[in-house]
Amino acid sequence: MASTPYIVTKGIVLRETETKEADKILTLLTDTHGKISVIARGVRRKSCKYAACAQPLVYSEWTLYQKGEWFYANEGATLELFSGLRSDLEAMALGFYLAELTEAVTTEEAEASELLRHLLNGLYALSTLRKPKALVKAAFEIRLLCLAGYEPLADGCAYCGAQSPEQPLMDVVQGVLRCRTCGAKESALSMPLCADSLAALRHIVYGDPKRLYSFRLGEDALRRLNGAAEAFAAAQLERGFRTLDFYKSLQPMEPEKRPPVEQHGEERV
């Protein structure tokens with residue numbers, strides 16, 4: 001009788017679902033097989049040697065085998081626990097959102113090494129580098145959309161071509177940059193930027209991915225970048241995220257500081 005062929009791959013747990021008494025179904029994003037569902041039998045028992053690997057946002061090396069349409073876990077060894085997230089509820093909540101957002105743009109068993117690397121770098125920026133959460137969130141959202149094929153056109157106004165648009169706005173539905181007075185009638189939903197937030201947007205879209213989080217912004221510019229990034233992700237993917245709702249529920253409410261929105265040519269606060 002032929003022995004079961006084993007697959008060795010590195011991957012991070014995007015999501016877990018508890019089943020039966022001690023099992024879990026894990027959604028893994030791997031370096032060799034993309035996004036896959038893995039049955040981890042007995043992983044909720046204290047005696048399981050790879051229980052730590054089966055926690056959300058843990059990066060591990062897995063030994064799997066395939067039976068029918070399902071993958072099954074045989075062994076696991078942790079590579080990165082991102083312990084800095086687990087001591088900070090807000091950072092952990094943001095990490096869960098980054099994972100859910102990544103899962104949303106990834107198809108089953110499609111090549112996803114760049115998406116995996118992007119997620120790992122985002123979690124590292126939060127956990128180890130302790131980068132500002134709002135900065136990581138905005139940069140991650142925009143760059144992830146770029147990797148998934150939704151790259152915005154940010155080099156100039158889509159209507160007049162100005163490289164330095166007057167009172168710049170990001171049309172999050174069409175994914176283009178525009179001046180305040182250009183394309184107002186054609187725009188469905190636009191978010192205001194400023195010179196600094198526009199420079200940051202261009203750094204995220206066109207800059208070196210290895211230096212993605214190596215910029216700083218003042219409070220107002222960061223708030224504008226965040227508003228544009230979040231609205232862009234929601235508009236392009238046409239859905240909401242429960243993990244984002246939870247993360248935002250941990251934020252202090254400051255309605256007077258929310259950036260205005262351009263909708264059908266009318267400014268709303």
Side-chain angles (χ1 to χ4, degrees), residues 4-18 22-66 70-131 133 136-137 139-140 143-144 147-148 208-214 243 247:
T4 303
Y6 288 102
I7 300 164
V8 178
T9 187
K10 295 176 182 176
I12 188 168
V13 178
L14 298 177
R15 181 164 47 90
E16 64 173 14
T17 303
E18 295 184 354
D23 300 351
K24 287 183 181 181
I25 298 177
L26 306 174
T27 300
L28 291 184
L29 185 63
T30 70
D31 60 346
T32 57
H33 289 70
K35 183 174 68 174
I36 58 175
S37 295
V38 175
I39 296 177
R41 287 175 170 165
V43 76
R44 291 159 58 197
R45 296 193 182 104
K46 293 182 180 179
S47 59
C48 182
K49 294 181 179 180
Y50 62 90
C53 302
Q55 305 299 314
L57 306 184
V58 173
Y59 181 53
S60 306
E61 183 174 78
W62 289 91
T63 301
L64 312 171
Y65 63 93
Q66 192 169 8
W70 288 94
F71 289 91
Y72 292 81
N74 185 66
E75 293 179 345
T78 58
L79 299 174
E80 179 58 66
L81 293 170
F82 296 108
S83 55
L85 300 180
R86 299 170 203 282
S87 59
D88 182 338
L89 178 60
E90 195 176 313
M92 177 65 94
L94 181 53
F96 284 142
Y97 169 57
L98 304 189
E100 187 181 15
L101 193 62
T102 302
E103 183 179 358
V105 303
T106 312
T107 56
E108 292 287 339
E109 298 187 50
E111 204 283 327
S113 57
E114 276 193 290
L115 294 172
L116 174 60
R117 185 161 49 248
H118 180 57
L119 177 57
L120 293 174
N121 287 340
L123 296 177
Y124 181 77
L126 286 174
S127 175
T128 303
L129 300 181
R130 304 283 183 172
K131 292 286 186 176
K133 298 178 184 69
V136 173
K137 176 179 173 293
F140 184 93
R143 188 63 189 169
L144 180 73
L147 293 174
D208 183 353
K210 294 180 180 179
R211 296 181 56 80
L212 180 61
Y213 304 108
S214 62
T243 49
Y247 170 69

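The figures that follow rest on heavy atoms only: side chains count, while hydrogens, waters and symmetry mates do not.
In this structure, E109 and I36 have side chains that are in contact, with non-hydrogen atoms separated by less than 4.5 Å. Residues N74 and Y6 meet the side-chain proximity criterion, which asks for heavy atoms closer than 4.5 Å.
R15 CZ to T243 OG1: the interatomic distance, rounded to the nearest 0.5 Å, is 11.0 Å. The CG atom of L120 sits 10.5 Å away from the CG atom of L57 when rounded to the nearest 0.5 Å. Rounding to the nearest 0.5 angstrom, the gap separating the CG atom in L98 from the CD atom in E103 is 13.0 Å. How far CD of E108 is from OG1 of T27: 7.5 Å, rounded to the nearest 0.5 Å. Summarising the geometry, atom CD1 belonging to I39 is positioned 8.5 Å from atom OH belonging to Y65; distances are rounded to the nearest 0.5 Å. Put simply, CD1 on I12 and CG on D31 are 12.0 Å apart, with the number rounded to the nearest 0.5 Å.
Partners of Y97 under the ring pair (Phe, Tyr, Trp, His ring centres under 6.0 Å) rule, at least two apart in sequence or in another chain, are F241. When the salt bridge (Lys or Arg N to Asp or Glu O under 4.0 Å) test is applied to K24, the partners found at least two apart in sequence or on another chain are E16. Scored by the side chain to side chain contact (heavy atoms under 4.5 Å, CB included) test, D23 finds T19, K20, R41 as partners (sequence neighbours excluded). In this view, E18 and R44 satisfy the salt bridge (Lys or Arg N to Asp or Glu O under 4.0 Å) rule, not counting sequence neighbours. Qualifying ring pair (Phe, Tyr, Trp, His ring centres under 6.0 Å) partners for F96, counting only residues two or more places apart in sequence or in other chains: none.
Applying the side chain to side chain donor-acceptor pair (under 3.5 Å) definition to pairs two or more places apart or across chains, none involves residues 46-55.
Heavy-atom neighbours of E114 CD from other residues, nucleotides or ligands within 6.0 Å: at or below the threshold of 12.
In plain terms, the two heavy atoms of G42 and C48 that are nearest each other are O-CB, 3.5 Å. For the pair W62 and G11, the tightest heavy-atom approach, listed with the atom from each and the gap, is NE1-O, 4.0 Å. In terms of heavy atoms, H118 sits closest to L144 at NE2-N, 3.5 Å. For the residue pair F82 and Y59, the shortest heavy atom distance occurs at CE1-CB, 4.3 Å. Of all heavy-atom pairs between R86 and L81, the closest is NE-O, 2.8 Å. A pairwise comparison of heavy atoms in I25 and S37 identifies CG2-CB, 4.5 Å as the closest pair.
Judged by distance alone, with hydrogens and angles left aside, the side-chain atoms of T30 form a donor-acceptor pair with the main-chain N or O of H33 at under 3.5 Å. In this structure, S127 contributes its side chain and Y124 its backbone to no donor-acceptor pair below 3.5 Å. Side-chain N or O atoms of T106 include one that pairs as donor or acceptor with a backbone N or O of T102 at under 3.5 Å. The closest donor-acceptor contact from the side chain of E111 to the backbone of S113 lies under 3.5 Å.
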**Asked** Going through the checks in order, is the side chain to side chain contact (heavy atoms under 4.5 Å, CB included) test met by L101 and F140?
**Response** CA-CA 10 Å; L101 193 62; F140 184 93; 4.3 Å; yes
**Message:** Evaluate L28 against F71 for side chain to side chain contact (heavy atoms under 4.5 Å, CB included), listing each step before the verdict.
**Reply:** CA-CA 10 Å; L28 291 184; F71 289 91; over 6 Å; no
